[in-house]
2 protein chains.
Amino acid sequence: MEGDLALRLRIFDLNCWAIRYLSKRRQERVQLIGDMVRREGFDLVLLQEVWSEQDYSDLKAKLGGHYPFSHYFRSGVIGSGLCVFSRFPILDTLLYQYSLNGYPYMLQHGDWFCGKSVGLVVIKISGIVFNVYVTHLHAEYCREKDAYLPHRLVQAWELAQFIRHTSKAADVVLLGGDLNMHPEDVGIRLLRGWTGLRDAFAEAMHFEGCEDGCTLIPDNCFTVKTELLPFPLGIRIDYILYKAISSFTVKCEELKTTTGTAPGMDIPFSDHEAVMATLHIQRQGQAVGATSSTAEPMLADVVTEARTEVGVGLRAAQRQRYSTGRMAVLALLLLLLQATAALGALAGLAAGQPFPKLSFSLLAFLAIGVLLLATGLHLFHTIEVKMLQGTEEQMRMALRALQER
Amino acid sequence: MEGDLALRLRIFDLNCWAIRYLSKRRQERVQLIGDMVRREGFDLVLLQEVWSEQDYSDLKAKLGGHYPFSHYFRSGVIGSGLCVFSRFPILDTLLYQYSLNGYPYMLQHGDWFCGKSVGLVVIKISGIVFNVYVTHLHAEYCREKDAYLPHRLVQAWELAQFIRHTSKAADVVLLGGDLNMHPEDVGIRLLRGWTGLRDAFAEAMHFEGCEDGCTLIPDNCFTVKTELLPFPLGIRIDYILYKAISSFTVKCEELKTTTGTAPGMDIPFSDHEAVMATLHIQRQGQAVGATSSTAEPMLADVVTEARTEVGVGLRAAQRQRYSTGRMAVLALLLLLLQATAALGALAGLAAGQPFPKLSFSLLAFLAIGVLLLATGLHLFHTIEVKMLQGTEEQMRMALRALQER
């Protein structure tokens, strides 16, 4: 590790869209992805949305020759979907599950069930310690009225905090994943500003692939065309980010994306395009230090902007906590009223049966159902309020620290 | 920071038992705790079970003069209960919520609702970086048949992993909290072995307090005497642990515990005894390195033992996942049967109404209730299975790494 050691690292990142029973031509595509990744011989492969452990096992069996080391991150009801294949030994792993991730009752947006997380694998290559993070943030279902923005911002903040706190002894930090944010969105600016990570697409000396580096494009037969109507070129939401922490420099020599249909096939690998980066890592004469890519006054603006959005989410969550609590109380009152009436009837206060039995029982069951449901939702929104308050408080602390400097 | 810098640090740790509406003489005791901590003038105060944010605010107002810096960690339905007061500026914080923490339906054991977590605060004193962790693990309700052991072991493992990954740039690591484990329990041995943390009680040059350092004692009027019957001296479950990471040494000069009733009062501060340590931190000539306190072959045995217990929990969780799934399917079948019968009746296949309407509706509601409940439980146990599998897998990886050395 003396002298001018230089290292070239090739990284592959893809949201595989491999949801059992739901994703089109899943098994065929997982095969295709495996074939391509084996053929190309990357150093690191970061995958998202590999929801089926069977798919992971199949990939592991196929890739074992070139990528002897791998890790699958388990979380949530159906897993985190995150996995890593590596040519180099994985020394350690850690999973951090985001504290907010949508709503369990939004069944049509299944994010809550996925236990969205960030996975960390520690790898050492030629004595250089790499902290490699792979993640997938909450999807954006409606850009105009994005109800999940506060949750995604909490995730972006937790991701940034997790990276900052766990990467202090690393030489190089790499992050790959589907961040579900456009390059200029506040969450991406927050993540980059607060960690000092740099965007491989923006830094690449040579680029080849979809225009503007888009990873969700209309030319891909699996994308939903109506969602991309306002963006005729597509959108860029999958990233490879990096930074050097100690006495190293990292440069992005080349960045590529796939461009829809896989070569020689009639389908693409996924509904997302893959991002492939070639990084050049070199030891420097002296320590570089963790340089922030965003100037600090600008960073303070970004944190303020993010904090405002989290505040909007907080007030919405407080309203929902209040209305679910009120509903639970009303259901309880109805039940008490019925119990009083029933007891009255039993005690013979009324000569006959005052209500038809059937409607009476149905109403009681309905009240019990509403009580249970509203109580559950009330608890859920109470947790949501706590986590949003906690994040807002942390951001306030960060702002104070930035302003004091 | 040149030469033989030495630092003396006084730390206070207490599980405050401050549960609103449930804990006896709560407000009076919180006042007492605040008075004592202000009078004694510690450097760091680590508290658990401060469930009410109002209590935290009251303490903050009272302690502001001596401890200008503080942080309350929010999580779960009623908060994490964790907070820190410090004489020195808190530079950064991070919260990690344990992935498993009991069962929501065990209402009599409220742990699930607390969002049990580990909180980290980073503090710099005279140029020395301290990573201070405060935590509270799942309670043990029955030592003979401890149904929560696998969950507590997952928490101990996650705590150890979180400390290892986040403390690499720290000079000194401190952990205070109610670990709900006896000193020789497998979880404590795992935590100490895997992180290299040392037990202030075992290392103290001078000790004063309850015999064997116990923190749950029969002499405390708030403890449940029947639970302590097998342990006439009490048990030790609250700890201050520490280690030096870089070129520092840490020694425990003195350890004290409170001994039941507060001086001059008729009640103790809490149902737990407080732990108070005086640490002596000194810069060394050369880096000490992260020394593991447990020899590695012994550590492998501890990890194996912990992994076996996690495996037992995994099989129990798999059984529960299966039985709740089966119950959901049965409820669904009953509903389908009823729907068929009702449709048959509507279509006039039966001449009259074949079933009494009331029983028919009640049965349908019952089936819907069972279906919803069993589905919810099935999802919950599926998550439990995933997290236990993930921990077992991580422990397997750790064992392989230990054996390869």
Side-chain angles (χ1 to χ4, degrees), chain A residues 53 71-80 89-97 99 104 113 115 120 122 129 131 158 161-162 164-170 356-358 360-362 364-366 368-369 372-373 376 378-380 382-383 385-391 393-394 397-398 401 404, chain B residues 53 71-80 89-97 99 104 113 115 117 120 122 129 131 158 161-162 164-170 356-358 360-362 364-366 368-369 372-373 376 378-380 382-383 385-391 393-394 397-398 401:
Chain A
E53 283 197 42
H71 190 76
Y72 185 79
F73 291 98
R74 288 183 179 85
S75 84
V77 178
I78 54 167
S80 71
I90 294 175
L91 303 181
D92 212 339
T93 68
L94 187 65
L95 183 77
Y96 182 97
Q97 197 169 336
S99 61
F113 292 90
L120 157 64
V122 182
V129 176
N131 268 27
E158 289 179 348
Q161 284 285 80
F162 181 71
R164 284 177 65 243
H165 281 281
T166 52
S167 66
K168 284 177 179 160
K357 260 189 193 167
L358 179 64
F360 194 81
S361 320
L362 286 185
F365 270 103
L366 194 69
I368 291 174
L372 288 179
L373 197 70
H378 183 70
L379 290 181
F380 182 85
T382 304
I383 296 178
V385 165
K386 286 249 178 256
M387 299 321 300
L388 287 164
Q389 279 175 336
T391 305
E393 162 80 14
Q394 274 192 43
M397 238 176 85
E404 272 171 12
Chain B
E53 283 197 43
H71 190 77
Y72 185 78
F73 291 98
R74 287 182 180 86
S75 83
V77 178
I78 54 167
S80 71
I90 293 176
L91 303 182
D92 211 340
T93 67
L94 187 64
L95 183 76
Y96 182 96
Q97 197 168 335
S99 60
F113 293 90
S117 312
L120 158 65
V122 181
V129 177
N131 268 30
E158 289 180 348
Q161 284 285 79
F162 181 71
R164 284 177 65 240
H165 281 282
T166 52
S167 67
K168 285 179 179 159
K357 258 189 194 167
L358 178 65
F360 195 81
S361 320
L362 287 184
F365 269 103
L366 193 71
I368 292 174
L372 289 178
L373 197 71
H378 182 70
L379 290 181
F380 181 85
T382 303
I383 296 178
V385 165
K386 286 247 180 262
M387 300 321 300
L388 287 164
Q389 280 174 335
T391 306
E393 163 79 13
Q394 274 192 44
M397 237 175 87

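Keep in mind that this is a model prediction, so the values were computed, not measured. Just the heavy atoms: all of them, side chains too, but no hydrogens, waters or symmetry mates, feed the values below.
To the nearest 0.5 Å, atom OG of residue S99(B) and atom NZ of residue K386(B) are 13.0 Å apart.
In terms of modelled atom types and a separation under 3.5 Å, the side chain of Q161(B) and the main chain of T93(A) share a donor-acceptor contact.
Residue Q394(A) touches chain B through its side chain alone, counting heavy-atom pairs closer than 4.5 Å. There is no contact between H378(A) and chain B, counting heavy-atom distances below 4.5 Å. Of the atoms belonging to V122(A), it is side-chain heavy atoms, and not backbone ones, that fall under 4.5 Å from chain B. Contacts between N131(A) and chain B at a heavy-atom distance below 4.5 Å are absent for every atom of the residue. For a residue to count as touching a neighbouring chain, one of its non-hydrogen atoms must lie under 4.5 Å from one of that chain's; by this rule I90(A) touches chain B with backbone and side chain alike. Only the side chain of E53(A) comes within less than 4.5 Å of a heavy atom of chain B; its backbone N, CA, C and O stay farther away. If you measure heavy-atom distances from E393(B) to chain A, the contacts under 4.5 Å come from the side chain alone.
L362(A) and S361(B) get closest at one heavy-atom pair: CD2-CB, 3.8 Å. The two atoms that bring F73(B) and S80(B) nearest to each other are O-OG, 2.5 Å, heavy atoms only.
Of the residues considered (H71(B), E158(B), M387(B), Q97(B)), M387(B) shows the highest number of contacts with chain A, using heavy-atom pairs under 4.5 Å. Heavy-atom pairs under 4.5 Å with chain B peak, among M397(A), K168(A), R74(A), at R74(A). Counting heavy-atom pairs closer than 4.5 Å to chain B, the top-ranked of the candidates T382(A), L91(A), L366(A), L94(A) is L94(A). Counting heavy-atom pairs closer than 4.5 Å to chain A, the top-ranked of the candidates L95(B), D92(B), L379(B) is D92(B).
Ring orientation note: the planes of F162(A) and Y96(A) are tilted relative to one another, at an angle of 30° to 60°.
One side chain, S75(B) or S117(B), offers a donor N or O that lies under 3.5 Å from an acceptor on the other.
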